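So the structure is just underneath, and the comments pick up after that.
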Number of protein chains: 2
Amino acid sequence: MKLPVSTEWLLHCATSLAQLKPGDTASAAQLAQYYDLPAAYLAKQLQALVRAGVLSATTGPRGGFRLARPASEITLLQIVEAVDGTSSPYECREIRQQGRGALSPDECRNPCILAEKMAEAHEAWRLSLAATSLAEIIAALPPSAPPRTRRRLTGAP
Amino acid sequence: MKLPVSTEWLLHCATSLAQLKPGDTASAAQLAQYYDLPAAYLAKQLQALVRAGVLSATTGPRGGFRLARPASEITLLQIVEAVDGTSSPYECREIRQQGRGALSPDECRNPCILAEKMAEAHEAWRLSLAATSLAEIIAALPPSAPPRTRRRLTGAP
């Protein structure tokens with residue numbers, strides 16, 4: 001199982017936007033240059049974060065992207081699921097109901113114990129990512145990081 | 001991110017083999033009929049479980065597959081990783097070191113905090129799957145399940 005390559009892009013872009021001063025924005029082109037990424041594809045992926053309520057996009061000469069909520073209210077899970085969706089990597093096709101060993105529909109009213117255990121593991125993964133906010137990521141960076149990010153990303157001090 | 005469809009196959013096949021009497025085996029053809037699965041592809045996947053030390057394969061007229069270890073010593077994680085490998089779904093390509101915002105190699109001696117958090121989530125998923133053994137799965141089945149599985153899978157009582 002693989003997450004899309006753009007998962008790394010959007011985690012980093014959101015982390016960079018979280019270091020801007022309130023009200024400041026960065027464009028898709030600026031973010032693409034900052035990380036040397038393909039601008040058109042990145043722009044499309046940033047829209048996924050807008051749809052997920054993580055970023056907001058403003059238009060106009062000073063337009064661009066910024067966080068839609070405080071960094072303390074944006075979790076890594078929200079970003080990852082905006083990119084890749086919310087479904088579990090395990091797909092249960094109910095093979096217990098087919099073939100010579102088929103169980104009757106009556107015996108399958110409860111979910112398969114194997115599917116339940118796979119769902120529990122996915123939930124453990126989700127809880128782990130939901131436990132970290134962008135604010136905690138920023139707090140772990142060296143103090144010199146935010147001013148440099150602002151300077152190199154948007155030219156702002 | 002998606003696990004292979006065969007993940008469900010192998011979790012169920014291992015669960016069925018765990019219900020056989022000690023020393024009994026089932027062939028790939030028997031398992032394929034039991035779950036109505038493509039026999040050749042299933043046989044190939046069962047070999048992955050042999051390589052992982054979950055199953056052992058015996059040849060000869062009464063040959064087939066059986067658990068290589070007691071069911072209490074085989075976890076769901078071992079089966080899932082035999083199918084899909086052990087790598088994390090998140091790939092860190094170190095984009096922090098490229099583009100206008102590039103950090104110097106010196107600043108990147110420690111792993112990226114985002115990669116660390118993604119690795120923690122993968123470890124939470126692995127721990128969840130490692131916490132359940134096949135013996136616990138069997139214990140959750142109704143008492144009528146093992147005799148029926150043996151009868152329908154191998155014809156044994």
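Keep in mind that this is a model prediction, so the values were computed, not measured. Letters A, B, ... mirror the listed sequences (proteins, then strands); counts begin at 1.
Looking at A/K2, its side chain does come within 3.5 Å of a backbone N or O of B/S88 through a donor-acceptor pair. Within the 3.5 Å criterion, the main-chain N or O of A/R150 finds a donor-acceptor partner in the side chain of A/T154.
Heavy-atom distances place both the backbone and the side chain of A/L11 under 4.5 Å from chain B. With a threshold of 4.5 angstrom between heavy atoms, B/A131 does not approach chain A through any atom at all. Only the side chain of B/T132 comes within contact range of chain A, with at least one heavy atom under 4.5 Å from a heavy atom of that chain. Proximity to chain B is limited to the side chain of A/T15, based on heavy atoms less than 4.5 angstrom apart. With a 4.5 angstrom heavy-atom cutoff, B/E107 touches chain A only via side-chain atoms. The contact between B/R148 and chain A is made entirely by side chain atoms (from C-beta outward), counting heavy-atom distances below 4.5 Å. Both the backbone and the side chain of B/I95 come within less than 4.5 Å of a heavy atom of chain A. Proximity to chain A is absent for every atom of B/L127, based on heavy atoms less than 4.5 angstrom apart.
Residues B/H122 and B/Y90 place their aromatic rings such that the two centres sit no closer than 6.0 Å.
The shortest non-hydrogen separation linking B/E73 to B/Q78 is O-OE1, 3.4 Å.
Of the charged side-chain nitrogens involved, at least one lies within less than 4.0 Å of a carboxylate oxygen, so that B/R93 and B/E91 count as a salt-bridged pair.
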